[in-house]
Amino acid sequence: MSTSGASGPPADSKMDTARKIKVLTEVPMSFRTGAKVDPADWKDFVRAQNDDLKTGPGVGERVPDFELADQNGKQWSLQDLMGRSGLLLVFTRSADW
C-alpha cells in the first residue's frame with residue numbers, strides 16, 4: 001500500500017468529467033507558465049489522458065486498412081507497409097513538443 005500521494009479512485013475507474021476537463025486544461029497551463037503542478041493533479045492528468053484507452057488488436061487479429069501521411073506528406077497504406085512477416089507500427093512523440 002502506497003502512502004505517497006493523494007488518495008482517490010482506483011486507477012482503473014472512470015474519471016469524473018469535470019475533473020478530467022480541469023486537469024487537461026490546467027496542468028499544461030501550469031507547465032507553460034512554470035507554475036508548480038500538484039502531484040495529485042499530475043496523477044489525474046496522466047489518468048485523464050488514458051481514460052477509456054483502448055488497446056489495439058490482439059495477437060493474430062487483423063487490423064483494419066488505413067492510410068497515413070508521413071512527415072513529408074506522402075500517403076502510406078497498410079498494404080504499402082506490410083511485409084512477408086507482418087508489420088510493427090510504432091507511434092512516437094517528437095522531442096520538440
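In this chain, residues are counted from 1 in sequence order. Owing to the predicted nature of the structure, the values given are computational and were not obtained by experimental measurement.
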Output all residues satisfying side chain to side chain contact (heavy atoms under 4.5 Å, CB included) with [X], sequence neighbours left out; order by chain, then residue number.
X     : answer
Asn72 : Asp70
Lys36 : none
Leu78 : Val63, Asp65, Phe66, Met82, Leu87

Side chain to side chain donor-acceptor pair (under 3.5 Å): pairs with one or both residues in residues 23-34, sequence neighbours excluded: Lys22-Glu26

Qualifying side chain to side chain donor-acceptor pair (under 3.5 Å) pairs with a residue from residues 78-88, counting only residues at least two apart or across chains: Ser77-Asp80

Would you check, one step at a time, whether the test salt bridge (Lys or Arg N to Asp or Glu O under 4.0 Å) holds for Asp38 with Lys43? CA-CA 9 Å; Asp38 180 272; Lys43 184 177 179 181; over 6 Å; no

Is there a side chain to side chain contact (heavy atoms under 4.5 Å, CB included) between Val37 and Met29 once you walk through the steps? CA-CA 10 Å; Val37 177; Met29 190 172 295; over 6 Å; no

Rounded to the nearest 0.5 angstrom, the CG-CG distance for Leu24 and Asp44 is 10.0 Å

The residue among Met15, Arg19, Lys20 that forms side-chain contact (heavy atoms from CB on, under 4.5 Å) with Arg47 is Met15

Selection residues 15-43 - residue pairs positive for ring-ring contact (aromatic ring centres under 6.0 Å, His included), sequence neighbours left out: Phe31-Trp42, Trp42-Phe45

